[in-house]
Each structure stands twice: as C-alpha cells, then as structure tokens.
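Reviewing the structure listed below.
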Amino acid sequence: MVQNRRRIALYLIVAVMITWRPFSQVALSSELDGTKTSQSNLNTYEVKIVKRSELDYASHAYYSALLKLALSKTDDPLKPTSLVETSGNLVQARVLRQLNQEGEIDVFWTVTSKLREQQAIVVRVPLLNGIMGYRALLIRSRDLGDFKKIRNAQELKRLVAGQGHDWPDIKILEHNGFTTLGTSNYDAIIELLRAGRIDYFPRALHEAVIEAESLNDPEIIIAPSVLLHYPSYVFFFVSKSKPELAKRIERGLNMARQDGSFAALFEEYINFKRIEKTLNLSERMVFKLDNSNISGETLDATTSSSPSLLFH
C-alpha cells in the first residue's frame with residue numbers, strides 16, 4: 001500500500017515536471033521575444049507617417065519612397081530609420097493638426113500654403129519638380145464639345161470646378177474668380193462630376209493621367225486643350241517637435257538631387273515623358289492664375305524649380 005502511494009506520488013512529480021517544462025519554455029520564449037521587440041525598437045529610429053489609401057493611386061508609394069531615400073542619405077548604421085504608418089485615413093486639415101499638436105504623425109507631404117507653413121516645419125524642396133502647379137481637367141466625355149470651344153479663362157469660370165474643401169487649390173481658384181464646389185474626399189468629387197453637380201475636376205498633370213487610366217470609365221476623360229497654371233509645390237512637413245528630423249530630410253533630399261537618385265526615383269514613379277506625350281502638352285492653352293496663398297520664402301526657394309522649365 002505504501003509502495004503504491006510512493007509510485008503515485010512519483011508519477012505526479014514526473015507529470016508536473018513534464019507539463020511545467022514546455023510551459024516554462026513558452027514563458028521564457030515570450031519573455032525573450034518581448035526583449036527582442038524592445039531591443040528592436042531601441043535599435044531603430046521610427047518616423048510616423050500617414051496610412052496609405054486605396055485612392056492614392058501610388059502617390060503614397062512615391063512620397064514614402066522619397067522620404068526613405070532622403071533619410072537613408074543621413075542614416076545612423078547603428079540605428080537605421082524605419083517608416084511606421086499610423087492607423088486611420090484623415091483629411092488634410094486633420095493630419096496637419098495631428099502633426100503640429102497631437103504628435104501622432106511626424107512627417108506629412110502636401111501642397112504648401114502660408115497657413116500650412118505656420119502649422120509645421122516646412123522642408124522647401126519641391127517633391128514633384130514643379131509640375132503640381134499645372135492642372136489638367138477631368139471632365140465628362142459628353143461635355144467634350146463644350147470644352148473644345150473654350151478659348152479663355154472667362155469662359156471656364158462660367159462652369160463649376162470640384163475640389164477638396166480643405167485643399168489650398170480651392171482658395172486659389174476662388175481668388176481668381178472661378179466657381180467651385182468643395183467636398184470632403186476624392187470619391188465624392190468624382191461622383192459629383194458623374195452626376196453633373198460639377199463640370200470639371202482640376203488635377204495635377206500626373207494625377208490626371210493616372211486617375212483617368214485607373215478609373216477606366218469612358219464617361220470620365222481629360223479635357224484635350226486646356227491647362228491651368230499657378231505656382232504650387234508639394235513639400236514634406238515635419239512636426240515642430242522634431243526640428244532635427246526636418247534638417248535631416250532637407251539635407252538628404254539635396255544629397256539625392258546631387259547624386260541623381262532623386263531624379264531616378266521621380267522618373268520611376270512619375271514618368272514625366274509619358275505624361276508629356278499623353279497630354280500633348282505643347283499643343284495646349286495655358287491659363288495662368290495668381291496664387292496669393294503662397295509665401296515669399298517658398299517663391300524664393302523654388303525659383304530654380306520653375307515648372308515652365310518642364311515645357312520645351
């Protein structure tokens with residue numbers, strides 16, 4: 001009887017040891033994984049950026065690749081930089097508030113304006129080599145005949161342009177006497193165009209080409225003979241709490257310009273030669289608009305990046 005009890009006790013001890021061993025291994029493994037994660041975070045410099053969207057038509061890929069390129073030029077090999085996307089898709093005004101006040105985003109890319117340059121640290125290196133200020137018009141195909149008849153800006157002003165309500169462009173158009181209708185997101189503008197609530201949707205050259213192709217809708221085409229032009233540039237904007245990061249980005253972008261890697265990346269994603277051919281740019285009328293919403297500092301910094309240099 002005593003021997004039986006001893007055997008049972010021995011079996012229980014062995015069973016506990018067998019059960020505890022894998023459990024302890026899991027616990028230890030989990031602890032080690034946590035240490036590795038912690039060490040990984042300590043060994044990288046994280047830069048928080050906006051989340052990509054289904055509607056960005058590869059623009060997020062271009063700007064994030066350009067940001068990564070700029071940061072790689074000044075990277076610390078012992079603490080390499082990694083880009084981390086935040087959760088949620090936000091309108092531009094909300095992103096700039098987060099960038100400046102809430103600290104959830106470190107870097108954002110957007111069209112510049114006087115107000116935006118007050119809200120965050122602006123890195124005055126044009127990310128699109130000046131083409132942002134040239135706008136082609138997305139229109140309904142059934143209105144093609146009407147747009148072919150347009151010969152001056154006054155005739156275009158009788159029609160309604162769609163824009164994002166918090167985009168600098170809507171103020172530029174209104175300042176120049178154009179009729180506009182603003183809404184909160186890109187999808188809504190396209191639907192307004194289809195429904196006839198707006199007559200045209202001005203887009204930067206590269207945006208117009210890729211969006212017309214991506215929409216793949218015979219009802220939405222690019223007006224063939226007209227361009228709008230005003231000084232407009234896309235810059236990186238950096239949180240005011242990270243001035244050293246802004247300096248790194250500016251230094252890295254200038255280094256990339258000098259060594260040719262900026263131009264190579266621009267051509268890979270934007271492919272201006274294809275845009276020029278698709279839009280037949282040399283044959284278009286250009287209506288020049290005033291941009292009172294651009295700062296003197298930006299105009300001075302972008303003199304050598306004049307968009308007019310792109311047209312031969």
Could you walk me through whether Val122 and Phe236 pass the side-chain contact (heavy atoms from CB on, under 4.5 Å) check?
CA-CA 6 Å; Val122 57; Phe236 283 128; over 6 Å; no

Using a strict 4.0 Å threshold on nitrogen-to-oxygen distance, state whether Asp199 and Arg158 make a salt bridge.
no

Might you point out which heavy atoms bring Pro224 and Lys148 nearest each other, and give the distance in Å?
CG-CG, 4.1 Å

When rounded to the nearest 0.5 Å, the distance separating OG1 of Thr180 from CD of Glu174 is 3.5 Å

Is it the case that the side chain of Asn176 and the backbone of Phe178 share a donor-acceptor pair, with hydrogens and angles ignored and the cut-off at 3.5 Å?
no

Honestly curious: do Leu299 and Phe237 fall in one hydrophobic cluster under the side-chain, below-4.5 Å linking rule?
yes

Heavy-atom pair with the smallest gap, counting every atom of Glu117 and Ser295
OE1-OG, 2.8 Å

Distance from Leu289 atom CG to Ser232 atom OG, nearest 0.5 Å?
11.5 Å

Could you tell me if Lys79 sits above the aromatic ring of Tyr45, with its cationic atom closer than 6.0 Å to the ring centre and no more than 45 degrees from the axis?
no

Within the side chain of Asp143, is there an N or O that forms a donor-acceptor pair under 3.5 Å with the backbone of Asp146?
no

Would you give the length of the straight line joining atom OG of Ser82 to atom CD of Glu46, rounded to the nearest 0.5 angstrom?
4.5 Å

Among Lys247, Arg248, Arg251, Glu250, find the one that has a side chain to side chain donor-acceptor pair (under 3.5 Å) with Thr74.
Arg248

Using modelled atom types and a 3.5 Å cut-off, is there a donor and acceptor pairing between side-chain atoms of Asp217 and backbone atoms of Glu219?
yes

Can you get from Met285 to Leu156 by hopping between Ile, Leu, Val, Met, Phe, Trp and Tyr side chains that sit under 4.5 Å apart?
yes

Decide yes or no for Phe201 and Tyr186: does some side-chain heavy atom of the first lie under 4.5 Å from some side-chain heavy atom of the second?
yes

Please determine, by modelled atom types, if Glu283 and Ser225 share a side-chain donor-acceptor pair under 3.5 angstrom.
no

Please work out whether the ring planes of Tyr269 and Tyr62 are parallel, tilted or perpendicular, with thresholds of 30° and 60°.
tilted

Is any side-chain heavy atom of Tyr200 less than 4.5 Å from a side-chain heavy atom of Leu138?
no

When Arg124 is tested against each of Asp300, Thr298, Thr302 for side chain to side chain donor-acceptor pair (under 3.5 Å), which residue passes?
Thr298

Ignoring hydrogens and angles, state whether a donor on the side chain of Asp290 or His175 is under 3.5 Å from an acceptor on the partner side chain.
yes

Applying the 4.5 Å side-chain criterion to the ILVMFWY set and letting contacts propagate, would Val226 and Leu144 be lumped into a single cluster?
yes

Keeping the roles fixed (side chain from Ser141, backbone from Pro218), state whether a donor-acceptor pair exists under 3.5 Å.
yes

Looking only at heavy atoms, the pair that brings Gly162 and Pro202 closest together is O-CD, 3.6 Å

Before you tell me yes or no, could you show the steps for Thr179 and Leu159 under side-chain contact (heavy atoms from CB on, under 4.5 Å), namely the whole-Å CA-CA distance, both residues' side-chain angles and the distance that decides it to 0.1 Å?
CA-CA 7 Å; Thr179 305; Leu159 305 176; over 6 Å; no

So CG of Leu67 and NE2 of His60: to nearest 0.5 Å the spacing works out to 9.5 Å

What's the verdict on side-chain contact (heavy atoms from CB on, under 4.5 Å) for Ile131 and Ile270, showing C-alpha distance, side-chain angles and the deciding distance?
CA-CA 10 Å; Ile131 70 172; Ile270 306 301; 3.9 Å; yes

Can you tell if the side chain of Ile275 reaches within under 4.5 Å of the side chain of Ile210, non-hydrogen atoms only?
no

Could you tell me whether a side-chain N or O of Asn291 sits under 3.5 Å from a main-chain N or O of Ile172, the two making a donor and an acceptor?
no

Rounded distance [0.5 Å steps], OH in Tyr63 versus OG1 in Thr110
8.5 Å

Got more than 12 heavy atoms from elsewhere within 6.0 Å of NZ, Lys242?
yes

Do Val111 and Ile170 share a hydrophobic cluster (ILVMFWY, side-chain heavy atoms under 4.5 Å, transitive)?
no

Polar side-chain atom of Asn271 near backbone of Glu267 as donor-acceptor pair, under 3.5 Å
no

Do you know which of Lys48, Arg52, Lys51 makes salt bridge (Lys or Arg N to Asp or Glu O under 4.0 Å) with Glu85?
Arg52

With the side chain counted from C-beta on, respond yes when Arg135 and Tyr230 share a heavy-atom pair under 4.5 Å apart, and no when they do not.
yes

For Arg116 and Asn293, which I'm curious about, is there any donor-acceptor pair between the side chains at under 3.5 Å?
no

Check whether Glu191 reaches the backbone of Asp187 with its side chain - one donor and one acceptor, N or O, closer than 3.5 Å.
no

Quick check: do Leu181 and Gln163 have side-chain heavy atoms less than 4.5 Å from each other?
no

Do Thr86 and Ile49 have side chains that get closer than 4.5 Å, going by heavy atoms?
no

Could you check whether atom NZ of Lys157 has more than 12 heavy atoms from other residues, nucleotides or ligands sitting under 6.0 Å from it?
yes

At what distance, to the nearest 0.5 angstrom, does CG of Leu69 lie from CG of Leu265?
6.0 Å

If Ile, Leu, Val, Met, Phe, Trp and Tyr residues are connected whenever their side-chain heavy atoms lie under 4.5 Å apart, and connections chain through other members, are Ile222 and Val286 in the same group?
yes

Working for side-chain contact (heavy atoms from CB on, under 4.5 Å), residues Leu128 and His206
CA-CA 10 Å; Leu128 288 171; His206 63 296; 3.5 Å; yes

Carefully, step by step, assess Ser239 and Asp106 under the rule side-chain hydrogen bond (donor to acceptor under 3.5 Å, both in side chains).
CA-CA 5 Å; Ser239 168; Asp106 297 321; 5.4 Å; no

Would you say His229 and Tyr134 make side-chain contact, with heavy atoms under 4.5 Å?
yes

Where the side chain of Arg197 meets the backbone of Arg194, is there a donor-acceptor pair that is under 3.5 Å apart?
no

For Phe147 and Ala223, the nearest pair of non-hydrogen atoms, with its separation, is CD2-CB, 4.2 Å

On a heavy-atom basis, which atom in Arg257 and which in Val125 lie closest, and how many Å separate them?
NE-CG1, 3.4 Å

Could you pull out the closest heavy-atom pair between Phe235 and Leu127, with the gap in Å?
C-CD1, 3.8 Å

Does a side-chain heavy-atom distance below 4.5 Å link Asn254 with Lys73?
no

